[in-house]
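Lettering follows sequence order; numbering is per chain, from 1. Note that these values count all heavy atoms, side chains included, but never hydrogens, waters or copies made by symmetry.
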Amino acid sequence: MSELQEKLVFDRPESVIDRPTHYCPGCHHGVAHRLVGELLDEMKLREESILIGSIGCSVFLYNYLDIDAVEAPHGRAPAVGTGVKRARPDKFVLTYQGDGDLASIGMAEIMHAANRGERICVVFVNNTVYGMTGGQMAPTTLVGQRTTTCPGGRCRDKEGLPIKMTEIISQLGGVAFAGRASLDSVKNIRTAKKYLRKAFECQVQDRGFGFVELLSACPTNWKMPPVKANERIREEMIPYFPLGVYKDVTEEGGAC
Amino acid sequence: MSRIEVLEDRCKGCLLCTTVCPVQIIVQSQRFNQNGYKVAEVPEEEKEKCTGCASCALICPDLAIRVYRTPKAKKGED
Ligand SMILES: Cc1ncc(C[n+]2csc(CCOP(=O)(O)OP(=O)(O)O)c2C)c(N)n1
Ligand code: SF4
Ligand code: SF4
Ligand code: SF4
Ligand SMILES: [Mg+2]
């Protein structure tokens, strides 16, 4: 018997619905969705999860992840997640938010949910721009980056420096895990999944708030081909937004 | 032997997969899919070089790549 059976070693996770997405070519929302879907499968959380969707290009996430979902008003996902988790503490609750959603209109909600140590996980997709509405400046837009609302490039004196959310969140008492990864390379995508797994585990083990920032490309609003956009993450974003684990109570051995 | 299958109706021609293949066998084809994207492919003569590493599938934002591996035969001529 020399014929060996061919094995399918990479395919769509069950938690990701088999349908084309509305995202632009090279948009990293698709990668982020897949990582979440793989973890929901691997951690057997699919039937236990409630997703809190947010406003931004990922607003239709409930069409792509095969889990129950609530759609939150712009920026309010951590508040909605708080209510859902407190009403149903037996469920796994995650929010999925863009940088405009989380760091701008939703700044109050994310800070207080993290500080309270709500047992929820936040997947934060930072693409340095308001993608859905056509590329306005976000709190995370890099200095010098041109957007429709800062056509001359973001100016430090007028608009301030880009906000480093993971650093800020990691300082808050209720946080069990906070890390920043990037979706630009195979190695970084693998690390991103590790961080997401840690954040998910912190909720499952009732340790506290989990936060993972994913540096992501928006080729359309950056006005770049996808391959160039990935290079921009490496060359411009990562130097300003350093990757790594900023807080991990599982390493410290403590709860919060 | 390993190989990939590009789901042409899902491919958006972003070409990210072409940048991560360790044996550089993925290229843009001349075919357009229904959405007007020029899909990625591995040309017939390059197919046997695939290592089954799945890097292309990991970076693909659209789950447009499936990866297959066939375990090496233990016995036989070697
Ligand atoms: C209350 C309210 N204000 C403003 C808007 C318009 N709006 C829709 S999406 C968005 C920003 C989305 O940016 P981001 O969260 O970074 O998501 P992305 O599209 O980049 O993934 C804004 C301002 C809205 N829908 N609701
Ligand atoms: S506009 Fe940007 S974030 Fe929105 S789908 Fe397109 S690439 Fe993705
Ligand atoms: S599985 Fe690896 S070797 Fe094969 S085509 Fe994909 S990246 Fe190239
Ligand atoms: S990464 Fe995926 S969508 Fe992009 S060209 Fe390759 S197969 Fe197509
Ligand atoms: Mg954004």
Side chains of E6(A) and M1(B): does their closest heavy-atom pair fall under 4.5 Å?
no
Can you measure from NE2 (H28(A)) to SG (C14(B)) and round to the nearest 0.5 angstrom?
8.0 Å
For chain B, which residues of residues 224-239 of chain A have at least one non-hydrogen atom nearer than 4.5 Å to it?
P226(A), V227(A), N230(A)
Using heavy atoms and a sub-4.5 Å threshold, report which of residues 18-35 of chain B line up against chain A, by residue number.
T19(B), V20(B)
Can you tell which of P20(A), A32(A), P219(A) has the highest number of heavy-atom pairs within less than 4.5 Å of chain B?
P20(A)
At a 4.5 Å cut-off on heavy atoms, which part of L8(A) comes close to chain B: side chain, backbone, both, or neither?
both
Residues, nucleotides or ligands: over 12 heavy atoms within 6.0 Å of E44(B) CD:
no
Take a 6.0 Å sphere around NZ of K194(A) and say whether it holds more than 12 heavy atoms from other residues, nucleotides or ligands.
no
With rounding to the nearest 0.5 Å, note down the distance linking CZ in R10(B) to CZ in R12(A).
5.0 Å
Roughly how far, to the nearest 0.5 Å, is the CZ atom of F10(A) from the CZ atom of R69(B)?
11.0 Å
Please name the pair of heavy atoms, one in P25(A) and one in K12(B), separated by the smallest distance, quoted to 0.1 Å.
CB-O, 3.6 Å
Residues of residues 57-67 of chain B with a heavy atom under 4.5 Å from any heavy atom of chain A, in residue-number order, are A57(B), L58(B), I59(B), C60(B), P61(B), D62(B), L63(B), I65(B), R66(B), V67(B)
Contact origin within R34(A) toward chain B - heavy atom pairs under 4.5 Å
side chain
If you draw a 6.0 Å radius around CD in E42(A), do more than 12 non-hydrogen atoms from other residues or ligands fall strictly inside?
yes
Looking only at heavy atoms and a cut-off of under 4.5 Å, which of D184(A), L35(A), L183(A), T21(A) has the most pairs with chain B?
T21(A)
Enumerate the ring pair (Phe, Tyr, Trp, His ring centres under 6.0 Å) contacts for residues 41-66 of chain A, please, sequence neighbours excluded, ordered by first and then second residue.
H22(A)-F60(A), H22(A)-Y64(A), Y23(A)-Y64(A), H33(A)-Y64(A)
When only pairs under 4.5 Å are counted, which of N188(A), V31(A), V9(A) shares the most heavy-atom pairs with chain B?
V9(A)
If I measure from the heavy atoms of chain B, does D18(A) come under 4.5 Å with its side chain, its backbone, both, or neither?
both
In Å, rounded to the nearest 0.5 Å, how long is the span from OG of S185(A) to CG of L16(B)?
11.5 Å
